[in-house]
*Asks:* 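This is the structure I have questions about; it appears just below.
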Amino acid sequence: MNLRRDVFQAIADPTRRSILILVAAQSMTAGAIASNFDTARPTVSKHLQILTECELLRSEQNGREITYHLNPNKMKEIADFIEPFRKMWDEKFNKLEDVMKAYQNLKKE
(Lines give C-alpha, C1' and ligand atoms only; values in the text may rest on other atoms or scores of the structure.)
Protein backbone atom coordinates (compact mmCIF):
# COMPACT_ATOMS: atom_id res chain seq x y z
CA MET A 1 0.00 0.00 0.00
CA ASN A 2 1.40 3.40 -1.00
CA LEU A 3 0.52 6.03 1.58
CA ARG A 4 1.00 9.57 0.32
CA ARG A 5 2.14 12.06 2.91
CA ASP A 6 0.52 15.47 3.07
CA VAL A 7 2.12 18.83 3.83
CA PHE A 8 1.08 18.72 7.47
CA GLN A 9 2.80 15.39 8.04
CA ALA A 10 5.87 16.84 6.35
CA ILE A 11 6.05 19.96 8.53
CA ALA A 12 5.40 17.97 11.70
CA ASP A 13 9.10 17.09 11.81
CA PRO A 14 11.40 19.83 13.20
CA THR A 15 14.26 18.90 10.86
CA ARG A 16 12.02 19.31 7.83
CA ARG A 17 10.80 22.67 9.15
CA SER A 18 14.45 23.73 9.50
CA ILE A 19 15.15 22.62 5.94
CA LEU A 20 12.20 24.70 4.71
CA ILE A 21 13.56 27.75 6.56
CA LEU A 22 16.99 27.25 4.98
CA VAL A 23 15.65 26.81 1.46
CA ALA A 24 13.23 29.71 1.87
CA ALA A 25 16.23 32.02 2.24
CA GLN A 26 17.97 30.63 -0.86
CA SER A 27 17.87 27.59 -3.12
CA MET A 28 20.42 24.99 -2.03
CA THR A 29 21.92 21.68 -3.01
CA ALA A 30 21.44 18.59 -0.85
CA GLY A 31 25.07 18.82 0.30
CA ALA A 32 24.69 22.46 1.33
CA ILE A 33 21.51 21.62 3.23
CA ALA A 34 23.10 18.59 4.91
CA SER A 35 26.07 20.68 6.08
CA ASN A 36 23.68 22.55 8.39
CA PHE A 37 22.75 19.41 10.35
CA ASP A 38 24.58 16.97 12.63
CA THR A 39 22.97 13.97 10.97
CA ALA A 40 24.08 11.66 8.20
CA ARG A 41 23.55 12.90 4.67
CA PRO A 42 21.20 9.96 3.84
CA THR A 43 18.96 11.12 6.69
CA VAL A 44 18.79 14.63 5.23
CA SER A 45 18.18 13.10 1.80
CA LYS A 46 15.18 11.23 3.19
CA HIS A 47 13.80 14.49 4.59
CA LEU A 48 14.34 16.15 1.20
CA GLN A 49 12.55 13.26 -0.50
CA ILE A 50 9.53 13.70 1.80
CA LEU A 51 9.44 17.48 1.28
CA THR A 52 9.67 17.00 -2.48
CA GLU A 53 7.02 14.27 -2.44
CA CYS A 54 4.69 16.65 -0.63
CA GLU A 55 5.58 19.37 -3.14
CA LEU A 56 6.87 21.77 -0.49
CA LEU A 57 10.20 21.72 -2.32
CA ARG A 58 10.91 21.52 -6.03
CA SER A 59 14.11 19.90 -7.24
CA GLU A 60 16.07 20.98 -10.29
CA GLN A 61 18.82 18.83 -11.77
CA ASN A 62 21.91 20.71 -13.00
CA GLY A 63 24.40 18.10 -14.16
CA ARG A 64 25.16 15.94 -11.13
CA GLU A 65 23.84 18.50 -8.65
CA ILE A 66 20.24 18.75 -7.55
CA THR A 67 19.15 22.15 -6.30
CA TYR A 68 16.11 22.45 -4.05
CA HIS A 69 13.73 25.41 -4.25
CA LEU A 70 10.83 26.33 -2.01
CA ASN A 71 7.39 25.89 -3.59
CA PRO A 72 5.47 28.99 -2.42
CA ASN A 73 2.17 27.67 -3.80
CA LYS A 74 2.26 24.68 -1.48
CA MET A 75 3.33 26.88 1.45
CA LYS A 76 0.22 28.96 0.75
CA GLU A 77 -1.86 25.83 1.39
CA ILE A 78 -0.43 25.74 4.92
CA ALA A 79 -0.92 29.48 5.41
CA ASP A 80 -4.53 29.27 4.22
CA PHE A 81 -5.23 26.50 6.73
CA ILE A 82 -3.64 28.44 9.61
CA GLU A 83 -5.23 31.82 8.79
CA PRO A 84 -8.58 31.29 10.60
CA PHE A 85 -6.69 30.25 13.74
CA ARG A 86 -4.44 33.31 13.51
CA LYS A 87 -7.49 35.55 13.22
CA MET A 88 -9.13 33.84 16.20
CA TRP A 89 -6.03 34.32 18.38
CA ASP A 90 -5.62 37.93 17.21
CA GLU A 91 -9.18 38.63 18.34
CA LYS A 92 -8.56 36.97 21.71
CA PHE A 93 -5.35 38.91 22.28
CA ASN A 94 -7.01 42.17 21.25
CA LYS A 95 -9.79 41.54 23.79
CA LEU A 96 -7.19 40.75 26.45
CA GLU A 97 -5.34 43.95 25.59
CA ASP A 98 -8.59 45.93 25.98
CA VAL A 99 -9.20 44.36 29.39
CA MET A 100 -5.62 45.14 30.49
CA LYS A 101 -5.92 48.77 29.34
CA ALA A 102 -9.22 49.16 31.21
CA TYR A 103 -7.61 47.65 34.31
CA GLN A 104 -4.63 50.01 34.07
CA ASN A 105 -6.97 52.99 33.70
CA LEU A 106 -8.85 51.90 36.84
CA LYS A 107 -5.58 51.66 38.76
CA LYS A 108 -4.65 55.21 37.75
CA GLU A 109 -7.87 56.66 39.14
Side-chain angles (χ1 to χ4, degrees):
M1 177 165 46
N2 186 12
L3 297 176
R4 180 155 167 83
R5 293 177 181 91
D6 70 12
V7 293
F8 298 101
Q9 290 171 317
I11 65 171
D13 184 277
T15 300
R16 290 194 286 269
R17 289 192 305 267
S18 295
I19 290 170
L20 289 172
I21 290 167
L22 283 170
V23 177
Q26 71 179 51
S27 298
M28 302 174 84
T29 63
I33 294 167
S35 70
N36 288 277
F37 298 93
D38 292 329
T39 58
R41 186 169 173 166
T43 303
V44 173
S45 291
K46 181 64 178 171
H47 287 301
L48 290 171
Q49 177 187 355
I50 291 168
L51 290 168
T52 304
E53 189 179 295
C54 295
E55 300 176 359
L56 288 166
L57 293 180
R58 290 182 294 107
S59 60
E60 178 184 349
Q61 181 107 25
N62 295 318
R64 291 180 9 163
E65 292 287 327
I66 297 175
T67 304
Y68 291 90
H69 310 273
L70 187 69
N71 180 357
N73 294 332
K74 208 59 166 172
M75 295 299 292
K76 185 175 178 334
E77 182 179 321
I78 297 167
D80 289 346
F81 175 79
I82 292 172
E83 183 62 19
F85 299 101
R86 188 193 64 75
K87 286 181 180 176
M88 176 188 69
W89 281 107
D90 280 350
E91 289 172 12
K92 290 182 184 287
F93 284 125
N94 287 339
K95 287 178 184 176
L96 179 60
E97 185 177 13
D98 291 343
V99 168
M100 293 302 295
K101 284 180 182 176
Y103 176 75
Q104 287 174 345
N105 288 337
L106 285 173
K107 279 179 58 175
K108 289 179 184 177
E109 292 176 1

*Asks:* Who pairs with I66 by side-chain contact (heavy atoms from CB on, under 4.5 Å), at least two apart in sequence or on another chain?
*Replies:*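 side-chain contact (heavy atoms from CB on, under 4.5 Å) check on I66 returns S59, Q61, Y68.
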*Asks:* My understanding is that only residues two or more places apart in sequence, or in another chain, count here; which of them pass salt bridge (Lys or Arg N to Asp or Glu O under 4.0 Å) with D38?
*Replies:* none
*Asks:* Filter on salt bridge (Lys or Arg N to Asp or Glu O under 4.0 Å), then keep only pairs touching residues 88-97, sequence neighbours left out; what's left?
*Replies:* R86-D90, E97-K101
*Asks:* List in chain and number order the residues that pass side-chain contact (heavy atoms from CB on, under 4.5 Å) with Q104, two or more places apart in sequence or in another chain; answer none if no residue qualifies.
*Replies:*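 Q104 satisfies side-chain contact (heavy atoms from CB on, under 4.5 Å) with no residue once adjacent residues are dropped.
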*Asks:* Tell me, please, which residues at least two apart from N73 pass side chain to side chain donor-acceptor pair (under 3.5 Å).
*Replies:* none
*Asks:* Pair up each side-chain donor or acceptor in residues 42-51 with any protein partner under 3.5 Å, not counting sequence neighbours, and list the distances.
*Replies:*
{"from": "S45", "atom 1": "OG", "to": "R41", "atom 2": "O", "distance (Å)": "3.2"}
{"from": "H47", "atom 1": "ND1", "to": "R16", "atom 2": "NH1", "distance (Å)": "3.1"}

*Asks:* Name all residues meeting the side-chain contact (heavy atoms from CB on, under 4.5 Å) criterion together with N62; count only those two or more places apart in sequence or in a different chain, and write none if there are none.
*Replies:* E60, T67
*Asks:* Considering residues at least two apart in sequence or located in another chain, which fulfil the salt bridge (Lys or Arg N to Asp or Glu O under 4.0 Å) criterion with K107?
*Replies:* none
*Asks:* Test of understanding: with ring pair (Phe, Tyr, Trp, His ring centres under 6.0 Å), list the residues that count as partners of Y103, not counting sequence neighbours.
*Replies:*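 Ring pair (Phe, Tyr, Trp, His ring centres under 6.0 Å) check on Y103 returns nothing, list empty.
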*Asks:* Would you please name every residue forming a salt bridge (Lys or Arg N to Asp or Glu O under 4.0 Å) with E65, sequence neighbours left out?
*Replies:*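 Applying salt bridge (Lys or Arg N to Asp or Glu O under 4.0 Å) to E65 gives none.
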*Asks:* Name every donor-acceptor pair, under 3.5 Å, that has one atom in a side chain of residues 23-36 and the other anywhere in the protein, sequence neighbours excluded.
*Replies:*
{"from": "S27", "atom 1": "OG", "to": "H69", "atom 2": "ND1", "distance (Å)": "2.5"}
{"from": "T29", "atom 1": "OG1", "to": "A32", "atom 2": "N", "distance (Å)": "3.2"}
{"from": "S35", "atom 1": "OG", "to": "A32", "atom 2": "O", "distance (Å)": "2.7"}
{"from": "N36", "atom 1": "ND2", "to": "A32", "atom 2": "O", "distance (Å)": "2.8"}

*Asks:* Which residues satisfy the side-chain contact (heavy atoms from CB on, under 4.5 Å) test with S18, sequence neighbours excluded?
*Replies:* F37
